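Quantities reported herein were computed from a predicted structural model and do not represent experimental measurements. All heavy atoms count here, side chains included; hydrogens, waters and symmetry mates do not.
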Amino acid sequence: MQQSLHSIFILEDNPNTCAMLEGAARVDPRLTVCGRAHTLQEAVRWLEAGEHADVALVDLDLPDGNGIDFIRACTARGETPCCIVMTVFGDEKHVLDAIEAGALGYLLKDRDSDHIVDSIWLTIDGGSPISPSIARQLLRRFHVGPDASEPKVRLTPREEDVLRMIVKGFSYREIADQLELSVHTVTSHIQHIYRKLAVSSRGEAVFEAIQLGLVKLS
């Protein structure tokens, strides 16, 4: 039986890094690199041509602009690819701008090939890969202490369990297995969480959960 291939698009201006990312993706026979761009303009042209990818690995610092603009363009069109930022920038502004634009993952360029492939699959399976240092920074930035006012959003205990696992990047199936629920029930909880947080994607849910202090990662 022939395996279903998942397509990867790479937006990276450094030739060596681009080759490394492409090589990492090609190690897995279930992944195929369907396109690459070295500038923002090339990437936007690729998107406007109606090309398709399941996941895009997106650099931010490009010769003619910022990769966040490509992420915004993908989000505005309501189309794939799911965007994972791959960058050297770990400061708060870049991270928050990328998440608000619609990025589903944020990785610093210190990841090895195996981790990159794992992050691609995590995204395909509905997760949100985030470098540990970035997650810690977000939690410090949006931590709500014991003297904070009562949360504006009220979740049930089970919704809180599901939300914590969403933030940690677990897929729907992994959440279902760990909480001993059906995938259908997990999906229902996530729909309720999205409605309460007034969001429409996993990336937005992660951002809002951290901003509102609804979760704490150990």
Side-chain angles (χ1 to χ4, degrees), residues 1 3-8 28 30-31 52-58 71 74-75 77-85 95-96 98-107 111 114-132 134-139 141-144 150-218:
M1 182 177 179
Q3 290 181 325
S4 176
L5 292 177
H6 291 274
S7 53
I8 311 300
D28 192 320
R30 299 167 297 173
L31 301 176
H52 168 84
D54 295 303
V55 175
L57 304 178
V58 182
I71 298 172
C74 293
T75 302
R77 293 168 70 92
E79 300 175 355
T80 54
C82 300
C83 295
I84 304 174
V85 172
V95 174
L96 295 184
I99 292 174
E100 288 178 333
L104 295 181
Y106 200 105
L107 302 177
R111 304 288 88 184
D114 288 342
H115 188 91
I116 292 169
V117 172
D118 289 344
S119 296
I120 290 172
W121 280 110
L122 179 60
T123 305
I124 290 172
D125 291 338
S128 297
I130 300 178
S131 289
I134 298 298
R136 286 194 298 269
Q137 180 186 141
L138 288 173
L139 288 169
R141 171 64 178 83
F142 294 113
H143 176 68
V144 177
E150 188 175 345
K152 297 178 180 179
V153 176
R154 289 185 175 275
L155 303 179
T156 67
R158 182 57 80 190
E159 288 169 352
E160 290 177 353
D161 292 338
V162 172
L163 180 58
R164 277 192 291 271
M165 299 188 74
I166 290 175
V167 172
K168 290 181 179 180
F170 288 98
S171 68
Y172 287 15
R173 168 56 63 187
E174 290 170 330
I175 295 173
D177 290 344
Q178 292 206 28
L179 297 182
E180 299 182 346
L181 302 172
S182 69
V183 174
H184 175 76
T185 300
V186 170
T187 301
S188 178
H189 282 313
I190 290 174
Q191 289 174 345
H192 293 159
I193 292 168
Y194 281 11
R195 185 163 59 249
K196 290 179 179 181
L197 295 179
V199 300
S200 58
S201 72
R202 178 183 289 260
E204 290 177 344
V206 171
F207 175 77
E208 288 296 327
I210 294 172
Q211 186 178 39
L212 295 172
L214 295 175
V215 293
K216 297 178 183 179
L217 296 183
S218 55

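Pairs of residues two or more places apart, or lying in two chains, that qualify as salt bridge (Lys or Arg N to Asp or Glu O under 4.0 Å) and include a residue from residues 185-200 are Glu159-Lys196. The side chain to side chain donor-acceptor pair (under 3.5 Å) pairs that include a residue from residues 182-192 are Ser182-Thr185, where partners are two or more places apart or lie in different chains.
Here the CZ atom belonging to Arg164 is positioned 11.5 Å from the CD1 atom belonging to Ile175, to the nearest 0.5 angstrom. In this structure, CD1 on Ile84 lies 10.5 Å from CD1 on Ile71, to the nearest 0.5 angstrom. Annotation: the span from Leu104 atom CG to Ser128 atom OG amounts to 5.5 Å, rounded to 0.5 Å. Distance check, rounded to the nearest 0.5 Å: CG of Leu181 to CG of Asp161 gives 9.0 Å.
Using a 4.5 Å heavy-atom threshold, the side chains of Leu57 and Ile120 count as touching. At least one side-chain heavy atom of Leu31 sits under 4.5 Å from a side-chain heavy atom of Ile124. Side-chain contact check for Leu163 versus Leu155: some heavy-atom pair is nearer than 4.5 Å. No side-chain heavy atom of Val55 sits under 4.5 Å from any side-chain heavy atom of Pro81.
Leu122 is linked by a side-chain contact (heavy atoms from CB on, under 4.5 Å) to Pro129, counting only residues two or more places apart in sequence or in another chain. Judged as a salt bridge (Lys or Arg N to Asp or Glu O under 4.0 Å), and not counting sequence neighbours, Asp118 has no contacts. Residues satisfying the side-chain contact (heavy atoms from CB on, under 4.5 Å) criterion with Asp54, sequence neighbours excluded, are His6, Ser7, His52. Residues that satisfy the side-chain hydrogen bond (donor to acceptor under 3.5 Å, both in side chains) test with Asp125, not counting sequence neighbours, are absent from this structure.
Between the side chain of Thr75 and the backbone N or O of Ala101 there is at least one donor-acceptor pair closer than 3.5 Å. The closest donor-acceptor contact from the side chain of Ser171 to the backbone of Gly127 lies at 3.5 Å or more, if one exists at all.
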